[in-house]
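Scope of the values below: all heavy atoms of this structure, side chains included, with no hydrogens, waters or symmetry mates. Counting starts at 1 for both ligands and their atoms, in listed order. Quantities reported herein were computed from a predicted structural model and do not represent experimental measurements.
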Amino acid sequence: MTAERPEVAAAACADASVIQNIVIIGAGQAGGWAAQTLRAEGFTGRLVLIGDEAHPPHERPPLSKAVLSGAALPETTRLMKAEAFEALGLNWRPSARVLRIDRAAKQVLLADGEAVPYDKLILCTGGRARQLTLPGVDQVPLHTLRTIEDAQALAPALGAGRSVVVVGGGWIGLEVAATARQQGAEVVVVETQSRLCERTVPAEISEHLLALHRAQGTRVLLGAGVSGFARAADGRSEVLLADGSALRCDTIVLGIGLVPNDELAREAGLECDGGVLVDARCHTSDPDILAAGDVAVAPNTWAGRRLRLESWQNAQEQGIAAARSALGHTVDYQPLPWFWSDQYGMNLQIYGMPAAAHRVVRRCDEASGNFVLFYLAGDVVQAAIGHNAARDLRFARRLIEQRKPVDDERLADLATPMSKQ
Ligand SMILES: Cc1cc2nc3c(=O)[nH]c(=O)nc-3n(C[C@H](O)[C@H](O)[C@H](O)COP(=O)(O)OP(=O)(O)OC[C@H]3O[C@@H](n4cnc5c(N)ncnc54)[C@H](O)[C@@H]3O)c2cc1C
């Protein structure tokens, strides 16, 4: 799609007249939202969306769930219907890679040699799956899961009769494990830390996840280091563990985290620290370059520090915020972090940043096993985690955002609706 809008920009901001070219690098979720927001906000200038994937902007969460299981086609992950995408009048460059940002000349340089000028540049380059550099990595096929192609390559390897080792007990690893198990595969999860999702949830939730996966027949090895990989005599793969044992399997999946794609920014001299540093306006250290999504490290009042959020919510909302900010609107993007994961029949949602110092109040439905755990400082809810409790969590979110004092007993009491807290 290369249809251009001939009109000169008429953005709703003070310096609208000088913004004629906006370039977005990365046509993922954040980039897609930035593009549609720019148009929705009235930007009629040249809008170039450059992405090195062949697909139009799409969402990734289904790639480890419905797309991986075959319940949904990859096309269903698209951010917009084809007509709506067409109607944006973008200069869309699929399968095109930006090699360099030339800040002095205000242009980005593509792999094919083309230079694309910008007045404002929005970096939405996301991240890539972390790889391992251990002995034997080149001896066996190793799957990771970030793209549609990754999901398509992995899906056939997960069926009944297959054995799968998932290295990494974080969100992607656990979702892959759950999908594989539901497809009938034998699954082992190998996690170096002493508990699952150690970086993101309190120990009680890690225990809950462990029980869930073990109940479904997945072997979960905690505190288990991987020392390498090997091809077994029968042609299958082996995951070699630090204790000297080996796990033989048909398929190995690495779910060991994400590396932010911040190289372009670093090479262009923008401030980076585990991602591209931005302020609450999504501005980088160059006022004409903004960043959003998985690649951006932003201040967050709820966390009390800068952080890089890897979530559906942040990709969308920060993409929107960056677009508005590029047009000169006042933006103060500091969202209450929200993340969800679906594993087996469980929808787990996390609002805020639970911390060890928080007091926990439990609202549990013993009959169904559903629950919300509230994390409080004093009598104010700071964070909440719920299992199949989406409705209650919406009210919990309100309590957190309004910093409203609560009563522990009423919070725990199922007979007191969340709307009456
Ligand atoms: C399998 C999976 C499951 C997930 N499940 C959940 C979930 O259940 N809940 C949740 O909240 N979040 C989930 N997430 C996280 C969420 O999908 C991401 O946070 C979100 O996709 C980030 O969007 P983004 O636009 O920042 O990055 P991306 O979607 O990664 O888009 C970045 C794009 O930029 C491209 N790019 C990078 N460098 C260049 C370059 N130099 N030139 C051109 N293009 C470039 C990349 O190839 C990519 O297409 C999941 C993620 C994955 C991978």
Side-chain angles (χ1 to χ4, degrees), residues 23-35 48-68 74 77 79 92-101 108-112 116 121-130 143-151 154-155 168 170-176 178-179 197 200 253-255 257-268 275-276 282 291-298 308-320 322 335 337-343 346-351:
V23 174
I24 301 170
I25 309 177
Q29 193 187 345
W33 272 103
V48 187
L49 178 64
I50 307 166
D52 59 5
E53 293 187 79
H55 313 280
H58 57 280
E59 297 182 347
R60 300 195 192 275
L63 300 184
S64 49
K65 310 172 185 80
V67 171
L68 192 61
T77 63
L79 221 54
W92 175 42
R93 308 291 184 85
S95 307
R97 186 155 183 79
V98 175
L99 293 186
R100 199 160 71 81
I101 302 168
V108 303
L109 301 160
L110 303 190
D112 67 4
V116 183
L121 176 64
I122 308 181
L123 302 178
C124 299
T125 48
R128 57 189 181 275
R130 187 179 298 282
H143 290 266
T144 52
L145 182 51
R146 181 75 190 171
T147 65
I148 288 176
E149 288 73 17
D150 293 341
L154 179 58
W171 297 113
I172 303 259
L174 292 182
E175 289 189 354
V176 169
T179 304
C197 295
T200 43
V253 187
L254 302 182
L258 172 135
V259 180
N261 291 326
D262 64 0
E263 291 81 359
L264 281 178
R266 275 194 275 132
E267 284 157 18
V276 184
C282 310
D294 280 11
V295 77
V297 180
R308 197 171 57 71
L309 292 166
E310 293 172 20
S311 70
W312 179 94
Q313 170 216 24
N314 184 62
Q316 174 169 322
E317 293 181 2
Q318 202 173 24
I320 293 171
W338 172 54
F339 179 85
W340 91 90
S341 176
D342 292 318
Q343 299 168 33
M346 175 193 71
N347 170 258
L348 191 87
Q349 298 192 30
I350 308 168
Y351 280 99

Would you check the N or O atoms of Ser341, main chain and side chain alike, for any that come under 3.5 Å of an N or O of ligand 1?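 No, there is no polar N/O contact under 3.5 Å.
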Examine Ser64 against ligand 1 and note whether any of their N/O atoms are separated by less than 3.5 Å.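 No: no nitrogen or oxygen of Ser64 is under 3.5 Å from one in ligand 1.
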Atoms of ligand 1 less than 4.0 Å from [X] heavy atoms?
X	result
Phe339	9 (N), 10 (C), 11 (O), 12 (N)
Gln29	20 (C), 21 (O), 23 (O), 25 (O), 29 (O)
Ala315	20 (C), 22 (C), 23 (O)
Gly51	43 (C), 44 (N)
Gly293	26 (O)
Glu175	8 (O)
Asn261	37 (C)
Leu264	41 (N)

If we only consider heavy atoms of Lys65, is any one of them less than 4.0 Å away from an atom in ligand 1?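 It does, in that a heavy atom of Lys65 comes within the 4.0 Å cut-off of ligand 1.
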Check whether any heavy atom of Ala96 sits under 4.0 Å from an atom of ligand 1.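 For ligand 1, residue contact (heavy atoms, under 4.0 Å) with Ala96 is present.
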For the residue pair Trp171 and Phe339, categorise the inter-ring angle as parallel (less than 30°), tilted (30 to 60°) or perpendicular (more than 60°).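 Taking Phe339 first and then Trp171, their aromatic rings sit tilted (interplane angle of 30° to 60°).
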What is the nearest protein non-hydrogen atom to [atom], stated with its residue, atom name and distance?
atom	answer
atom 44 (N) of ligand 1	Asp52 N, 3.1 Å
atom 40 (C) of ligand 1	Arg97 NH1, 3.5 Å
atom 30 (O) of ligand 1	Arg146 NH2, 2.6 Å
atom 9 (N) of ligand 1	Trp340 O, 2.9 Å
atom 29 (O) of ligand 1	Arg60 NE, 2.8 Å
atom 27 (O) of ligand 1	Gly126 CA, 3.3 Å
atom 19 (O) of ligand 1	Asp294 OD1, 2.6 Å
atom 13 (C) of ligand 1	Pro61 CG, 3.8 Å

Go through the steps for Arg146 and Asp294 under the test salt bridge (Lys or Arg N to Asp or Glu O under 4.0 Å), then give the verdict. CA-CA 12 Å; Arg146 181 75 190 171; Asp294 280 11; 2.9 Å; yes
Determine, considering heavy atoms only, which of Cys124, Gly127, Ala292 sits nearest to atom 33 (C) of ligand 1.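 Checking each option, the heavy atom nearest atom 33 (C) of ligand 1 is found in Cys124.
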Just going by heavy-atom distances, which of Ile172, Val295, Leu123, Val108 is nearest to atom 2 (C) of ligand 1?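 Comparing heavy atoms across Ile172, Val295, Leu123, Val108, the nearest one to atom 2 (C) of ligand 1 lies in Ile172.
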With heavy atoms under 4.0 Å as the rule, classify the contact between Trp338 and ligand 1 as side chain, backbone, both or neither.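 For Trp338, no heavy atom sits under 4.0 Å from ligand 1.
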Using salt bridge (Lys or Arg N to Asp or Glu O under 4.0 Å), reason through Arg60 and Glu53 one step at a time and then give a plain yes or no. CA-CA 13 Å; Arg60 300 195 192 275; Glu53 293 187 79; 2.7 Å; yes
Between the side chain of Glu59 and the main-chain N/O of Leu79, is any donor-acceptor distance below 3.5 Å?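 Checked: no pair found.
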